[in-house]
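Just so you know, these numbers use all the heavy atoms, side chains as well, and skip hydrogens, waters and symmetry mates. Being a predicted model, the structure only gives us computed values, none of them experimental.
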Amino acid sequence: MFDLDSFSLKGKVAFVTGASYGIGFAIASAFAKAGATIVFNDIKQELVDKGLASYKEIGIDAHGYVCDVTDEEAVNKVVKQIEEKVGIIDILVNNAGIIKRIPMLEMTASDFRQVIDVDLNAPFIVSKAVIPSMIKKGHGKIINICSMMSELGRETVSAYAAAKGGLKMLTRNICSEYGAYNIQCNGIGPGYIATPQTAPLREKQADGSRHPFDSFILAKTPAERWGEAADLMGPAVFLASDASNFVNGHILYVDGGILAYIGKQPQ
């Protein structure tokens, strides 16, 4: 029988990587409102401190750790600390990520590897660190922040698209390997979200007109707007809760309809 309590995260420990601000912060805030205890990391102490202050400002008592999610030894250490000081991680959101908008022929192999390392290798490392305790506990939720670039290509984002496409398949493979242990691994594919990371693409031009990319996104999105971080809150709570216990290996695209839309006919 359906029960609204199945959406509750009360008593759960949620670890959201890179959640000092932006999408990660919004998702973690939603989890807290649903009853979860929030743990997050960032790569520098100043960012962790800023995140802790932001959570405190909205009434959330979060736990913050400095950790480079591309460093397997550091990740294993911080997961152990979380388990000892906060509790076994019930929900993992692999949110930390970077993008480098560089044409492929101008991009160095080093830059390409860095994006792959943060956006694909890190989710593998962190997931690997939390799954053993999830198996012992008998349940777990892993949510990978994918992207429309899991499905589409675009100029200047070859590394990002490659990483997010890989993350989509890692999501499906974690489902395949660990679904029998009552672990659900799904992805969220955000559309174009208004965050500090995308702010340069929304800046007004000197003459007051929209940035060309801003106009392009509005024309390609049936909703005719950029998404907000808040648009990801409900989907994330659903995938983190018992309401999604038979949803596994799925990528939920929260994109305002872009992937369903061929675009407007030229006038």
Query raised in the report: What is the ring orientation for Phe213 with His211, classed by angle as parallel under 30°, tilted 30 to 60°, or perpendicular over 60°?
Result: perpendicular

Query - Asn245 side chain reached by Lys141 side chain, heavy atoms, under 4.5 Å - result: yes

Query raised in the report: Taking only residues at least two apart or on different chains, which pairs with a member in residues 47-94 satisfy ring-ring contact (aromatic ring centres under 6.0 Å, His included)?
Result: Phe25-Tyr55, Phe40-Tyr55

Donor-acceptor pairs under 3.5 angstrom involving side-chain atoms of residues 153-173: please list them, not counting sequence neighbours.
{"from": "Arg154", "atom 1": "NE", "to": "Tyr192", "atom 2": "OH", "distance (Å)": "3.2"}
{"from": "Lys164", "atom 1": "NZ", "to": "Ile145", "atom 2": "O", "distance (Å)": "2.8"}
{"from": "Lys168", "atom 1": "NZ", "to": "Ser150", "atom 2": "O", "distance (Å)": "3.2"}
{"from": "Lys168", "atom 1": "NZ", "to": "Glu151", "atom 2": "OE2", "distance (Å)": "3.4"}
{"from": "Thr171", "atom 1": "OG1", "to": "Asn144", "atom 2": "ND2", "distance (Å)": "2.8"}
{"from": "Thr171", "atom 1": "OG1", "to": "Leu167", "atom 2": "O", "distance (Å)": "2.8"}
{"from": "Asn173", "atom 1": "ND2", "to": "Glu177", "atom 2": "OE2", "distance (Å)": "2.9"}

Query raised in the report: Is the NZ atom of Lys136 crowded by more than 12 outside heavy atoms at less than 6.0 Å?
Result: no

Report task. Would you mind reporting whether Glu224 and Leu218 have side-chain heavy atoms less than 4.5 Å apart? Result -> no

Report task. Report yes if some heavy atom in the side chain of Ile135 is under 4.5 Å from a heavy atom in the side chain of Ile183; otherwise report no. Result -> yes

Query raised in the report: Can you find a pair of side-chain heavy atoms, one from Ile98 and one from Asp119, that are under 4.5 Å apart?
Result: yes

**Report entry** Arg101, CZ: over 12 other non-hydrogen atoms inside 6.0 angstrom
**Finding:** yes

Query raised in the report: Is the shortest heavy-atom distance from the side chain of Val254 to the side chain of Ile193 under 4.5 Å?
Result: no

**Report entry** Validation row: Ile188, Leu232 side chains within 4.5 angstrom (heavy atoms)
**Finding:** yes

Report summary line: The salt bridge (Lys or Arg N to Asp or Glu O under 4.0 Å) partners of Lys44 (sequence neighbours excluded) come to none

Query raised in the report: Strictly by modelled atom types, are Ser244 and Gln184 linked by a side-chain donor-acceptor pair under 3.5 Å?
Result: no

**Report entry** Ile99 vs Met149 side-chain heavy atoms within contact, under 4.5 Å
**Finding:** no

Query raised in the report: Is the count of non-hydrogen atoms from other residues, nucleotides or ligands lying under 6.0 Å from Gln205 atom CD greater than 12?
Result: yes

Query raised in the report: Around Phe238, counting heavy atoms of other residues, nucleotides and ligands shown, do more than 12 lie under 6.0 Å from its CZ?
Result: yes

Report task. Would you mind reporting whether Asp214 and Trp226 have side-chain heavy atoms less than 4.5 Å apart? Result -> yes

Query raised in the report: Do Tyr21 and Ile58 share a hydrophobic cluster, counting only Ile, Leu, Val, Met, Phe, Trp and Tyr and linking them when any side-chain heavy atoms are less than 4.5 Å apart?
Result: no

